[in-house]
Structure formats: C-alpha cells, structure tokens
Amino acid sequence: MASRQKILLLGATGGTGSSILNGLLESNQFDVEVLVRPSSAEKPAVKEIESRGVALRVVDITAPEQELASGLAGIDILISAIGPHDLLQQKTLVRAAKSAGVKRFVPCAFITVAPPKGAMLLRDEKEEIYNEIKRLEVPYTVIDVGFWHQISIPPLPSGRIDYALMMAEPVIHGDGNAPNLITDLRDIGRFVARIVDDDRTLNKYVYTWSDVLSENEIFDIVEEASGEKIERKYDTAQDIEKRLEDALAALSLDPTDPAKRLPVYIVQYIYSKYVRGDNQPRYAKYLGYLDARELYPDLKLVSFREYFAEVLEGKGKRPYH
C-alpha cells in the first residue's frame with residue numbers, strides 16, 4: 001500500500017486557505033500540516049486549526065533558503081495561499097522547495113483567468129513566482145478559481161440579505177453579458193484535493209468552476225429566487241477605464257504603497273472580467289488551462305442558485321469576516 005502524501009499548507013487561516021484545508025481533511029487522503037509564521041502561532045485561528053488535530057510547522061518564510069528548506073523536510077506537496085501583499089516572499093520558498101525535494105509546489109494563484117502579463121498587476125506578480133518555479137524546474141500546478149459565489153451577489157431592496165454581502169450596490173459592469181467562471185468558496189478545497197493528487201495536472205495550469213454566469217444572469221437568478229426587483233445601476237466600460245487610469249497614476253507615485261495597490265487590483269479585476277472578458281472557459285482553454293470539471297465529472301459542486309438559496313434562508317456567510 002502506497003504511503004499517504006504529506007501536504008504542507010501556507011495561509012490556512014485565509015478564505016481560500018481555509019477552504020483548501022477543509023477539502024484536504026475531508027478527502028482523508030493526505031497527512032496535512034500547516035505552515036505558520038512565528039508571529040501567528042498563538043493566534044486564535046491557528047489554535048482552532050491545531051485543535052482539529054492538524055500539526056503546525058512554525059517557520060519564518062523570510063528566513064534564509066537553507067533554514068526554510070529544513071522547515072520543508074519530508075514534505076511531498078507544498079500549497080501556498082499567501083496573502084496578495086506577500087506574494088513575492090514565495091521566491092525564497094520556491095528555492096527552498098527545490099532544495100528540500102518537494103514533489104509538487106502549488107503557488108498562490110486562485111484568482112480569475114487572465115493573460116500572464118499586462119492585464120492585472122496581481123497576476124503579473126504571481127507570474128514572477130511561476131517563472132521562478134519554471135527557472136528552477138520545480139514540479140508545480142497552478143490553480144485558478146475564477147470569482148467566488150460569495151462575492152458575486154447584488155443587494156436586494158429589502159436589505160434582508162445584507163448580512164452575507166460584500167457588494168454594496170447593485171452594479172452591472174459594461175453591458176453585463178460577459179460570461180464569468182465562478183466557484184463556491186467551499187468547492188475550491190474539494191477541487192484542490194483532487195487536483196494535487198492527479199498526475200495529469202503536474203506542470204499544468206488548471207481552472208475550477210461551479211458555474212459560468214454573466215452579471216445579467218446572476219441578477220436574474222437573484223430576482224427570481226427572492227421575488228424582488230433590483231434597480232440595476234450601470235458602470236460603463238469608459239468609466240471603468242477612467243478609474244483604472246486614475247488608480248495606475250496614483251500607484252505610480254508610490255508603487256510600494258499597499259493602499260495604492262488595492263484600488264488597482266480591484267479595478268483591474270473588473271476590467272479583466274467584464275470589459276476584456278478574460279475570465280471564461282473559452283479563454284482559459286486558449287491559454288492552455290485544463291478544465292477541472294472535465295477532469296472530475298463526479299465531483300458534487302454547489303451551483304450559484306443553490307448558494308443563493310442558502311443566503312435567503314439565512315445560512316450565508318460574508319467572506320473576510
């Protein structure tokens with residue numbers, strides 16, 4: 001009988017990382033450990049993970065390569081769900097993974113499908129890590145997940161679902177017809193557990209999806225299921241382009257300021273998804289991604305309609321809270 005692969009997960013307390021941890025544990029296929037920075041080891045969220053029987057590896061990811069490599073000893077698969085402002089810290093992690101003989105490195109991707117350079121600063125920075133992986137010939141899998149159901153729901157006039165929402169206003173971007181890949185947050189971990197245990201995905205890019213819907217289709221589902229009519233506001237392509245131009249100009253004054261980077265990230269997401277139309281199956285396949293739904297047709301997933309029904313029943317949960 002083959003021994004179980006040992007997985008080390010970085011970023012397990014975040015939204016994506018929590019889903020990945022749950023998916024790995026539910027699969028019962030792996031020995032799972034969590035990489036924790038020394039400054040986070042005593043935090044309640046980390047203690048909660050430890051209470052589930054998950055072993056911690058307390059490692060400073062800014063440490064020198066050899067020290068980091070020692071912290072990765074015995075790991076078969078390293079999965080990073082690090083935060084957006086710390087992405088480039090993965091460069092040393094890649095080198096350490098190479099030294100430690102990690103058999104598969106899953107860098108922090110987990111965003112919408114977009115071209116490798118020039119459309120999204122966040123994707124550009126992720127690409128720096130992907131290039132470092134390829135330069136060192138580290139085995140890898142890049143996993144993108146589109147957008148989440150949980151941040152795709154517009155508010156209702158009654159306010160009855162505000163408890164679960166990130167969206168403040170019922171805004172349609174562009175003409176609202178661009179199809180978009182969306183994944184229920186809980187499905188991300190279920191997909192990852194399959195993907196990292198599959199030889200077909202080694203040294204490949206994979207995209208996941210629970211649904212493909214345009215904003216108009218999402219609004220239609222929300223209206224139909226709730227029985228409420230939403231007064232749709234429109235954000236034109238020209239308005240989006242102007243906001244992007246302004247955000248980039250502000251960032252150019254101080255490219256290292258996280259407060260100036262965040263508006264660029266947000267507007268570029270909108271522009272890529274709704275104006276360029278990047279985040280859809282057709283373009284993902286053009287870029288060479290594998291379709292996780294085609295790889296795992298038996299996987300039971302949560303449709304957007306099903307998730308919204310949960311929200312109407314008071315069972316939704318606002319991300320990042």
Side-chain angles (χ1 to χ4, degrees), residues 16 80-91 93-94 105-136 138 140-148 151-152 171-183 203-209 212 214-215 235-292:
T16 298
S80 173
I82 199 168
H85 299 304
D86 297 326
L87 283 172
L88 298 184
Q89 290 182 4
Q90 294 175 105
K91 279 193 175 179
L93 203 57
V94 173
F105 184 28
V106 181
C108 186
F110 307 113
I111 62 168
T112 53
V113 171
K117 284 284 185 180
M120 293 177 67
L121 175 61
L122 185 58
R123 172 59 192 262
D124 293 353
E125 292 175 342
K126 290 176 184 285
E127 198 69 26
E128 284 192 47
I129 304 304
Y130 307 164
N131 286 340
E132 184 72 357
I133 288 168
K134 293 169 187 175
R135 186 181 72 82
L136 295 173
V138 176
Y140 71 91
T141 304
V142 170
I143 306 170
D144 278 321
V145 300
F147 222 54
W148 299 350
I151 51 178
S152 299
V171 177
I172 297 283
H173 302 92
D175 63 9
N177 291 325
N180 267 275
L181 296 158
I182 55 176
T183 305
N203 302 330
K204 303 291 185 184
Y205 288 56
V206 186
Y207 73 94
T208 76
W209 57 285
V212 180
S214 69
E215 279 192 306
D235 189 15
T236 68
Q238 292 75 21
D239 289 339
I240 296 167
E241 287 166 357
K242 178 62 167 65
R243 287 204 311 282
L244 178 54
E245 183 182 315
D246 292 345
L248 288 170
L251 179 62
S252 69
L253 301 176
D254 186 359
T256 63
D257 184 354
K260 289 184 170 64
R261 298 175 83 79
L262 187 59
V264 172
Y265 291 162
I266 292 170
V267 183
Q268 285 185 329
Y269 259 122
I270 292 169
Y271 186 76
S272 173
K273 288 166 59 184
Y274 303 121
V275 180
R276 283 182 49 88
D278 295 329
N279 185 47
Q280 56 178 295
R282 176 197 60 77
Y283 190 58
K285 290 183 178 182
Y286 165 76
L287 291 175
Y289 282 78
L290 300 177
D291 181 341

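In this chain, numbering begins with 1 at the start of the sequence shown.
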Participant: Nearest 0.5 Å please: distance from the CG atom of Leu93 over to the SG atom of Cys108.
Facilitator: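 Those atoms lie 11.5 Å apart.
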
Participant: Identify the two heavy atoms, one from Pro107 and one from Phe105, that lie closest to each other, and give their separation to 0.1 Å.
Facilitator: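 Minimum heavy-atom separation between Pro107 and Phe105: CD-O, 3.3 Å.
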
Participant: Calculate, to the nearest 0.5 Å, the distance between atoms OH and CD1 belonging to Tyr269 and Ile111 respectively.
Facilitator: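 Those atoms lie 4.5 Å apart.
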
Participant: Once rounded to the nearest 0.5 Å, what's the spacing between atom OG1 of Thr112 and atom CD of Gln268?
Facilitator: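 One gets 10.5 Å once the value is rounded to the nearest 0.5 Å.
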
Participant: A side-chain contact here means heavy atoms from C-beta on lying under 4.5 Å apart; do Arg243 and Ile270 qualify?
Facilitator: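 Contact flag for Arg243/Ile270 side chains = yes.
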
Participant: Could you tell me if the side chain of Tyr207 sits less than 4.5 Å from the side chain of Lys285, heavy atoms only?
Facilitator: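 Yes, close enough: below the 4.5 Å cut-off.
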
Participant: Scan residues 244-253 for pairs that pass side chain to side chain donor-acceptor pair (under 3.5 Å), counting only residues two or more places apart or in two chains.
Facilitator: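 Only Lys242-Asp246 qualify under side chain to side chain donor-acceptor pair (under 3.5 Å).
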
Participant: Taking the side chain as C-beta and beyond, is there a heavy-atom pair between Pro281 and Asp291 under 4.5 Å?
Facilitator: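 Side-chain contact under 4.5 Å: no.
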
Participant: Please report the interatomic distance CG(Asp278) to CG(Asn180), rounded to the nearest 0.5 Å.
Facilitator: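 Answer for the CG-CG pair, Asp278 versus Asn180, is 9.5 Å.
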
Participant: Could you tell me which non-hydrogen atom of Asp144 sits nearest to which non-hydrogen atom of Ala109, and how far apart they are?
Facilitator: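 For Asp144 and Ala109, the tightest heavy-atom pair comes out as OD1-CB, 3.4 Å.
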
Participant: Closest approach of Ala247 and Val264, non-hydrogen atoms and distance?
Facilitator: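 Heavy-atom minimum between the residues: O-CG2, 3.5 Å.
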
Participant: Tell me the closest heavy-atom pair linking Ile129 and Leu87, and the distance in Å.
Facilitator: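 Looks like CD1-O, 3.6 Å.
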
Participant: Okay, side chain of Thr183, backbone of Val145: is any donor-acceptor separation there less than 3.5 Å?
Facilitator: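 Flag set: sc Thr183 to bb Val145 pair under 3.5 Å.
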
Participant: Taking only residues at least two apart or on different chains, which pairs with a member in residues 112-121 satisfy salt bridge (charged side-chain N to carboxylate O under 4.0 Å, His left out)?
Facilitator: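 Every pair satisfying salt bridge (charged side-chain N to carboxylate O under 4.0 Å, His left out) with a residue in residues 112-121: there are none.
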
Participant: Applying ring-ring contact (aromatic ring centres under 6.0 Å, His included), name anything that partners Tyr205, two or more places apart in sequence or on another chain.
Facilitator: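 With sequence neighbours excluded, Tyr205 shows a ring-ring contact (aromatic ring centres under 6.0 Å, His included) to Tyr130, Tyr289, given in chain and number order.
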
Participant: Taking only residues two or more places apart in sequence or in another chain, which ones pass side-chain contact (heavy atoms from CB on, under 4.5 Å) with Asp175?
Facilitator: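 With neighbours one apart ignored, the set is Asn177.
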
Participant: To the nearest 0.5 Å, what is the distance between CD1 (Ile266) and CG (Leu244)?
Facilitator: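 The CD1 atom of Ile266 sits 12.0 Å away from the CG atom of Leu244.
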
Participant: If you take all heavy atoms of His85 and Pro258, which pair is closest and at what distance?
Facilitator: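 Here His85 and Pro258 meet closest at CE1-CB, 3.9 Å.
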
Participant: So does Ser80 get a backbone contact from the side chain of Gln90, meaning a donor-acceptor N/O pair under 3.5 Å?
Facilitator: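 No, Gln90 side chain to Ser80 backbone: no donor-acceptor pair under 3.5 Å.
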
Participant: I'd like to check Leu251 versus Asp257 (side-chain heavy atoms, cut-off strictly below 4.5 Å). Are they in contact?
Facilitator: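 They are not in side-chain contact.
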
Participant: Ignoring hydrogens and geometry beyond distance, is a side-chain donor-acceptor pair present between Tyr140 and Asn203 at under 3.5 Å?
Facilitator: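 There is no such pair between these side chains.
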
Participant: To the nearest 0.5 angstrom, please state how far the CD atom of Glu128 sits from the CZ atom of Arg135.
Facilitator: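 Reported to 0.5 Å precision, the distance equals 12.0 Å.
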
Participant: Test of understanding: with side-chain contact (heavy atoms from CB on, under 4.5 Å), list the residues that count as partners of Ile151, not counting sequence neighbours.
Facilitator: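 By the side-chain contact (heavy atoms from CB on, under 4.5 Å) rule, Ile151 matches Phe147, Trp148, Met166, Pro319.
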
Participant: Return the minimal non-hydrogen interatomic distance between Asp86 and Ile82, and the atom names on each side.
Facilitator: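 Where Asp86 meets Ile82 most closely, the heavy atoms are O-CD1, 3.4 Å.
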
Participant: Given 3.5 Å as the limit, does a donor-acceptor pair link the side chain of Asn279 with the main chain of Val113, or not?
Facilitator: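 Checking the backbone N and O of Val113 against the side chain of Asn279, a donor-acceptor pair under 3.5 Å is found.
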
Participant: Going by the rule side-chain contact (heavy atoms from CB on, under 4.5 Å), which residues pair with Glu215 if we only count those two or more places apart in sequence or in a different chain?
Facilitator: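 Glu215 satisfies side-chain contact (heavy atoms from CB on, under 4.5 Å) with Ile172, His173, Tyr274 only.
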
